[in-house]
Amino acid sequence: MRIIKDLPLKPLSGKHDKGHAHVSVFPGVGGDDAKDWADMLVRMYIKYAQKRGWKVAPIDERAIDIRGEYAYGSLRKEMGVHRLVRISPFDSKKLRHTSFALVEVLPELPDLELANIAVPPEDLKIELSRSSGPGGQNVNKRETAVRVVHLPTGISAASQNERSQPQNKEKAMALLKAKLFHLMQQRQEKEIKNLRTPVKPEWGSQIRSYVLHPYQQVKDHRTKVVSHQPEKVLDGDLDKFIETELQLP
């Protein structure tokens, strides 16, 4: 675990840094290009996790659990907008396209913390659907996928890869509480009942750009770290980016 050994303790001394991480990627506008870019980023984080020896499990479309020591602490500053410039494989004229995707990284909260986050049932909307991924023969017979929406904020979470509807509901609720916990921290609120302003995706400026055409470069706009081998970065070679991110205030 070189990333831990070579760094001072402070960057990975946060309350949840040592624990597991939930990583979700949301495509921006741009149709198939944006969805493909989001899928590329999910694969990048899966490969990075595998290189670290961590375990990866799917939660929902473009959402994964990464289970390993310091997974959250290592990945938390990957959260933000990632930009891709390339010749679109979906454009018959082979024109250059720019795509955006939002990466969300959340900690896996301990059971005790989850129990202390009370969400009134009347603030929840629960949607059921058929799972599209693996999970047993029952996915073709009944609705097992669960999506939970927190009505006051519009925040949602979903799970479809557990074997039963109750398991998917439990997983979706745990993820929703992690999102609400993160929002409470951002707004310095102590209770969920105070989160009443509708939440919209805040894209803002990208934290990193991946350029595949007309030149080859990945550049982090916060740390100024650059790689001229984007294929290696997209294959999970993120060490120098993440190590430098952890030195940020």
Side-chain angles (χ1 to χ4, degrees), residues 1-4 12 17 19-90 96-108 133 161 175 201 203-213 215-248:
M1 296 185 64
R2 180 171 63 88
I3 192 170
I4 307 304
L12 291 174
D17 281 355
H20 310 313
H22 303 292
V23 178
S24 301
V25 184
F26 303 93
V29 295
D32 289 336
D33 271 295
K35 292 177 182 177
D36 187 54
W37 173 223
D39 290 337
M40 290 167 65
L41 286 170
V42 173
R43 290 193 294 270
M44 180 181 76
Y45 290 118
I46 290 174
K47 290 177 180 179
Y48 171 73
Q50 291 171 340
K51 290 176 188 289
R52 294 291 307 276
W54 295 334
K55 294 182 179 180
V56 180
I59 304 173
D60 190 40
E61 186 180 25
R62 304 185 187 96
I64 55 176
D65 265 342
I66 297 180
R67 306 188 66 79
E69 192 176 37
Y70 291 103
Y72 176 68
S74 299
L75 290 167
R76 59 185 165 85
K77 290 194 175 181
E78 288 290 294
M79 189 164 179
V81 177
H82 295 240
R83 169 179 173 260
L84 173 70
V85 180
R86 64 171 175 176
I87 299 294
S88 170
F90 305 99
R96 191 171 66 206
H97 284 239
T98 299
S99 303
F100 296 89
L102 177 65
V103 174
E104 178 184 73
V105 183
L106 299 169
E108 181 182 80
N161 281 81
L175 184 54
W203 292 88
S205 300
Q206 63 269 10
I207 63 169
R208 188 178 302 146
S209 292
Y210 307 68
V211 181
L212 307 185
H213 184 88
Y215 52 89
Q216 302 275 304
Q217 178 179 283
V218 179
K219 180 177 180 180
D220 194 289
H221 300 290
R222 303 159 298 168
T223 63
K224 310 307 179 187
V225 170
V226 172
S227 169
H228 295 288
Q229 297 179 302
E231 70 285 352
K232 287 190 175 182
V233 176
L234 292 170
D235 198 42
D237 188 5
L238 291 169
D239 281 348
K240 74 174 182 178
F241 288 98
I242 287 177
E243 289 176 11
T244 310
E245 285 170 18
L246 291 174
Q247 306 303 319
L248 293 173

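Fair warning: this is a prediction, and the values are worked out from it, not measured in the lab.
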Pairwise salt bridge (Lys or Arg N to Asp or Glu O under 4.0 Å) hits with a residue in residues 21-36, at least two apart:
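Qualifying pairs, neighbours excluded: Asp33-Arg86, Asp36-Arg86.
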Answer yes when Arg76 and Glu245 have at least one side-chain N-carboxylate O distance shorter than 4.0 Å, and no when they do not.
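So Arg76 does not pair with Glu245 through a salt bridge.
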Are side-chain heavy atoms of [X] and [Y] found at a separation under 4.5 Å?
| X | Y | answer |
| --- | --- | --- |
| Ile207 | Val81 | no |
| Val85 | Tyr210 | no |
| Lys55 | Gln50 | no |
| Tyr45 | Val103 | yes |
| Ile64 | Ile59 | no |
| Tyr48 | Asp239 | yes |
| Leu175 | Leu106 | yes |
| Leu84 | Thr98 | no |

Decide whether His20 and Tyr72 meet the rule of one side-chain donor and one side-chain acceptor closer than 3.5 Å.
no
Taking atom types as modelled and ignoring hydrogens, do the side chains of His221 and Ser205 form a donor-acceptor contact shorter than 3.5 angstrom?
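Absent: no donor and acceptor within the cut-off.
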If you count the non-hydrogen atoms of other residues, nucleotides and ligands that lie under 6.0 Å from NZ in Lys51, is the total more than 12?
yes
Decide yes or no on side-chain contact (heavy atoms from CB on, under 4.5 Å) for Lys240 and Glu243, but give the supporting numbers first.
CA-CA 5 Å; Lys240 74 174 182 178; Glu243 289 176 11; 5.6 Å; no
Non-neighbouring partners of Arg96 that pass side-chain hydrogen bond (donor to acceptor under 3.5 Å, both in side chains), sequence neighbours left out
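Arg96 satisfies side-chain hydrogen bond (donor to acceptor under 3.5 Å, both in side chains) with no other residue.
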Please enumerate all residues that pass side-chain hydrogen bond (donor to acceptor under 3.5 Å, both in side chains) together with Arg62, with sequence neighbours excluded.
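Arg62 satisfies side-chain hydrogen bond (donor to acceptor under 3.5 Å, both in side chains) with Asp39 only.
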For Ala34 and Gly28, which heavy atoms make the closest approach, and how far apart are they?
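The pair with the smallest heavy-atom distance is CB-O, 3.1 Å.
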Treating Lys77 as the side-chain partner and Ser74 as the backbone partner, does any N or O pair qualify as donor plus acceptor under 3.5 Å?
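It does not hold such a pair.
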Judged by atom type as modelled, is there a donor-acceptor pair below 3.5 Å linking the side chain of Asp220 to the main-chain atoms of Thr223?
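Flag set: sc Asp220 to bb Thr223 pair under 3.5 Å.
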Hits for salt bridge (Lys or Arg N to Asp or Glu O under 4.0 Å) against Glu104, two or more places apart or cross-chain, chain-then-number order -> Lys179
Listed by chain and number, what are the side chain to side chain contact (heavy atoms under 4.5 Å, CB included) partners of Val226, not counting sequence neighbours?
Gln217, Lys219, His228
Side chain to side chain contact (heavy atoms under 4.5 Å, CB included) partners for Gln216, two or more places apart
Leu212, Pro230, Glu231
Any chance you could lay out the side-chain contact (heavy atoms from CB on, under 4.5 Å) test for Val56 and Asp65, step after step, and finish with the verdict?
CA-CA 6 Å; Val56 180; Asp65 265 342; over 6 Å; no
Chi angles and distances behind the side-chain contact (heavy atoms from CB on, under 4.5 Å) call for Asp60, Asn161:
CA-CA 7 Å; Asp60 190 40; Asn161 281 81; 5.6 Å; no
Is there a ring pair (Phe, Tyr, Trp, His ring centres under 6.0 Å) between Phe100 and Trp37? Walk through the geometry before answering.
CA-CA 7 Å; Phe100 296 89; Trp37 173 223; 9.6 Å; no
Could you go through the side-chain contact (heavy atoms from CB on, under 4.5 Å) check for Asp235 and Met44 one step at a time?
CA-CA 6 Å; Asp235 198 42; Met44 180 181 76; over 6 Å; no
Geometric cation-pi criterion Arg208 and Phe241, 6.0 Å radius, 45° cone:
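Yes, a cation-pi geometry holds between Arg208 and Phe241.
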